[in-house]
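Shown next, in C-alpha cells, is the structure this report addresses.
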Amino acid sequence: MARTLFSGNEAVARGAWEAGVAVGVGYPGTPSTEVLENLVRYEGVRCEWAPNEKVAAEVAAGVSLAGGRVIVTMKHVGLNVAADPLFTLAYTGVGGGYVLFVADDPGMHSSQNEQDSRRYAVAAKVPMLEPADPAEALAMTRAAFEISEEFDVPVLVRSTTRVSHSKGVVEVDGARAQVQPQPYIKDPAKWVMVPANARRRRIDLEERLVRLAEHAELSGLNRVELRDRSLGVIVDGAAYRAVREALPDASVLKIGMVHPFPRDLVRAFAAEVESVAVVEELGPFVRDLVVQAGVAVREVPLPAWGEVTPAVVRAAFGVLPLEVRKVREGVPERPPLMCPGCPHRGVFWALKRTKAVVTGDIGCYTLGAAPPLAAMDSCICMGASVGMAHGASLVERERPVIGVIGDSTFAHSGITGLVHMAYNGSHGTIVVLDNRTTAMTGHQGNPISGVTLSGEHTSELDLEALARACGAGWVRTVDPFDLATTLAALKEAIAAPTLAVLIAKAPCALLEKRVKDPVAVDDDVCTACGSCIQLGCPAISKADSGNAQIDVTICVGCGQCEQVCRFGAIVPAGPACDLGGSAR
Amino acid sequence: MSGVTTVVLAGVGGQGTILAGDVLAKVAMADGHDVRLSEVHGMAQRGGSVITFVRFGDEVHAPVVDPGTADHLIAFEMIEAARQLPLLKRDGRLVVNQRVVLPLPVLVGAARVPDDLEAALAREGAIFVDAEALACEAGSSKSANIVLLGAASAGLPLSEESWAEVIASRVPPATVEANLRAFELGRAACLKGACR
C-alpha cells in the first residue's frame with residue numbers, strides 16, 4: 001500500500017483514473033485546474049481543454065452517450081456556463097458514468113464571487129457528493145461513477161479551495177477499473193429531449209431521485225460518529241475538518257452526499273444526541289434541510305460568507321479565543337501586480353491616455369484596475385467586457401468605450417459578444433490581449449495559443465481573420481511593448497467609423513522568461529516627474545531623493561519605462577552582475 | 001490538539017515558499033506523521049502575499065491555521081513576518097529572512113515600510129537569517145528557500161535523513177548539491193547560534 005501526499009485535485013484525478021475514466025474535459029479555473037493537469041499524465045485517458053465549460057459539459061455528454069466514462073471539471077462560476085446542458089442531462093441520464101467536478105471558492109481567494117454549488121444540485125435534480133479532504137476526494141470520485149451508472153444520472157462532486165488546494169496523506173493502491181465502453185444503443189426516447197420525450201423523462205427523474213434518497217440514507221457516504229452526546233454537529237464538506245479540530249469531543253453527522261439529503265439519518269442522529277447544531281460554509285443550506293426534516297436546530301452564530309475555520313467554529317460555540325500577538329501597525333498591504341515585463345502593462349498605459357470607459361474581464365489583466373494604472377472600470381464574468389462595452393456605448397456620449405479581454409477569455413465567451421456587436425451595427429472598440437496563454441490559472445494552452453492540454457501544437461485560431469469574419473471593419477495587431485504605436489492604434493480604432501478590434505500580441509512574461517540586461521536611472525537627468533512610476537512596475541520605485549530608481553534584480557529590460565521617460569533618464573545598465581547584483 | 005506541530009511559511013509570490021512547504025510536508029510524511037498542507041495560489045503568483053500552512057502529528061484535522069496556534073513561523077521577508085505574526089503562539093519560534101521585498105504601494109510612494117520593522121520583529125523574538133547570502137555561499141542564489149528550511153529545521157522534530165532525501169528528490173537535479181549545502185548552512189547557522 002503506497003502512502004502519498006496528494007492535493008484534493010490530484011486525488012480527484014487519481015479517483016477518476018481508478019474508475020476507468022476514458023476522457024477528461026474542462027476549462028481551467030482556480031481552484032479546479034489541477035484535476036485535468038494531473039489526469040492527463042495517466043495512461044489511457046484522453047484529456048482536453050475546452051474553450052468554455054458549456055462546451056466541456058457537452059463533449060462529456062457525447063462521451064457518455066457513446067458509452068465511455070467521463071469527468072468534466074470547472075470552478076463554481078464555470079458551472080453557471082455549463083448549467084444549460086447539465087439541467088437537461090439530468091433528464092436524459094447517462095450512458096457511461098458522467099461526473100461533473102466543481103470547485104467552489106468560499107473566501108474568494110481567487111474568484112469574483114462566492115457562490116454555493118450545492119444549490120445547483122437541488123436545482124438540476126442531480127446527486128452531489130462532498131469530500132472533506134484529499135483521501136475522501138479519491139474515494140468519492142470513484143463512488144460518483146458507480147452512482148452515475150447505477151442511477152442513470154450525472155453526478156456532481158463538489159470541492160472547495162481547502163479540499164482542492166490542501167494536501168493530505170492518501171493511500172493509493174487502487175488499480176484502474178477495466179471498464180469497456182458500453183455499446184452505443186440508439187435510444188431517442190432517452191436522448192432526444194423534445195417535449196414529448198422530456199415529459200416522460202421528467203417523471204423518470206423524480207423516480208430516480210426517490211431511489212437516490214434511499215441510497216443517501218444507507219450508502220455510508222454519510223457517517224455518524226458518536227462521542228459526547230450532549231452536542232451533535234451536522235456538517236458537510238471542508239467544514240468537517242474544522243469541527244473535528246475545534247470540537248474534538250462532539251458527536252458528528254458528516255454529510256458526504258448532500259443531495260438528495262439523508263433526512264431519516266438526520267432524524268436518527270438527532271435522537272441520539274441532546275442538541276443538534278449545523279456547521280457549514282455559505283449556509284444556511286444544510287441547516288434549512290435539517291429543519292425541514294423536523295429536527296430542532298440549536299442556532300449558532302456562523303457567518304453566511306467565507307470559510308469555516310476552527311477559529312470560526314470556536315467563536316460560534318463560545319470556546320474561549322486564544323491569545324494572539326499584535327501585528328506591527330503600519331505594515332503595508334501587498335496586492336498582486338502585473339509581473340515585470342508584462343505585455344499588458346503597456347496596453348493599460350495607453351488605455352489610460354484615451355480617457356475611455358474601459359470594460360474589463362477575468363484574467364491577469366484585471367490587475368489593470370489597480371493603481372497606479374487604474375485603467376479598467378469593470379470586471380463581472382468571463383466574456384462580459386465585450387457585451388458591456390457595447391451596452392455602455394449605447395448610452396455613454398462623452399467618452400469612448402473600450403472592451404478589454406484576454407485571449408483565452410475571448411475564446412471562452414468573448415466571440416459571441418463580438419458577433420453581437422457586429423450584428424447590431426456597433427462602431428465600438430475591443431482590445432484582445434493575446435499573451436499566447438491562459439496565464440492567470442498557470443499557463444494552460446487555448447485555441448488561440450494553439451497548444452493542447454497534452455502539450456501538442458495544434459491549429460491556432462487566427463484572431464484577425466476571425467474578427468473580420470465576425471464583421472469588424474478595422475482590425476490590427478500591435479506589439480504592446482511599442483507604446484507609441486499601441487497608443488496611436490488605439491486612437492485610430494476609437495475614431496474608426498466601424499467595429500474595431502485591436503490585438504495586442506506578445507507572450508506572457510512568465511511564459512518566455514526573456515530577460516534582457518536591466519536599465520537604470522541616470523540621476524543627473526531624472527526630473528523626478530514620476531511618469532515611469534505610474535507604470536506600476538515592481539522594479540521601479542521612488543528613491544529618497546525623489547528620483548526614480550530601478551531594482552536591477554527585478555528588471556527584465558522590457559523597455560517600457562524607457563519609452564515613457566520624456567527626458568531620456570532611463571538608460572541601459574549592462575549585465576546585472578556587473579552592477580553588484582542587488583545594487584539599486 | 002496535542003502532538004501536532006503547526007508551521008506557517010509566509011512570503012511573496014516567486015520566492016519559493018510553495019516548494020519549501022511541499023518539502024517540509026514530505027519530510028514529515030517520510031517520518032511517519034499524518035500531514036496536512038494548505039496553500040493559496042492563483043492571484044498570489046503575481047507578487048502578492050503567499051502563505052502556506054503545514055501541520056503534522058499523529059492525527060491532523062484542519063489544513064488551516066488559526067491565529068495564536070502556530071508553533072513556527074518561517075518568514076521569507078520581514079513585512080510578511082510582521083503581517084502573519086498573529087498566527088504565531090506566544091512561545092512560538094519565529095525564523096525571519098533578514099530582507100524586505102517592497103510591495104507596490106511602497107514602490108509608488110503610497111505607503112511606507114515602518115522604520116522600526118526589524119527592531120519590532122527582534123522584540124518578538126525573531127531569529128534572523130540572511131538567506132540570500134547563505135544561498136550564494138552554497139552555490140545557488142535560488143536556494144534561499146532551502147536555507148530558511150535548514151534554519152527552521154533546527155527547531156523542528158524531524159529527522160535529518162528525511163530532509164536530505166526529500167530535498168534531493170524535490171529540487172532540479174542540477175541543483176541538488178547546492179540545495180543540500182544551502183540546507184546545511186541554514187541549519188548550522190541556527191544550531192551554532194549564529195542566527196541572530
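Just so we're on the same page: letters track the sequence lines, and every chain starts at 1. Because only heavy atoms are used, hydrogens play no part in the values below, and waters and symmetry mates are left out as well, while side chains stay in.
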Between [Y] and [X], is there a salt bridge with N-O shorter than 4.0 Å?
X      : Y      : result
A/R314 : B/D66  : yes
A/K75  : A/D105 : no
A/R334 : B/E77  : yes
B/E124 : A/R325 : yes
A/E245 : B/R55  : yes

In terms of heavy-atom proximity below 4.5 Å to chain A, should [X] be classed as side chain, backbone, both, or neither?
X      : answer
B/E132 : neither
B/P67  : both
B/A62  : both
B/V106 : side chain

- Just do the side-chain hydrogen bond (donor to acceptor under 3.5 Å, both in side chains) check on B/S162 and B/S159 with the steps written out, would you? CA-CA 6 Å; B/S162 298; B/S159 74; 2.8 Å; yes
- Message: Less than 3.5 Å apart, any donor N or O on the side chain of A/H109 or A/E307 sitting next to an acceptor on the other?
- Response: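 Checked: A/H109/A/E307 side chains pair up, N/O donor to acceptor below 3.5 Å.
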- Item | No-hydrogen, no-angle side-chain donor-acceptor test under 3.5 Å, A/Q444 and A/T441 |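 Yes - a donor-acceptor pair under 3.5 Å links their side chains.
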Under a 4.5 Å heavy-atom cut-off, does chain B meet the side chain of [X], its backbone, both or neither?
X      : value
A/C342 : neither
A/T33  : neither
A/P371 : backbone

Pick from [options] with the largest number of heavy-atom pairs that fall under 4.5 Å of chain A:
options                        : value
B/V54, B/V101, B/T52           : B/V101
B/P63, B/A82, B/P86            : B/P86
B/A120, B/A110, B/G109, B/P105 : B/P105

Looking at [options], which has the largest count of heavy-atom pairs under 4.5 Å with chain B?
options                : answer
A/G530, A/P310, A/A242 : A/P310
A/M338, A/E329, A/R162 : A/R162
A/I533, A/V312, A/V169 : A/V169

- For the residue pair A/H344 and A/Y365, categorise the inter-ring angle as parallel (less than 30°), tilted (30 to 60°) or perpendicular (more than 60°).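 If you compare the ring of A/H344 with that of A/Y365, the planes turn out perpendicular.
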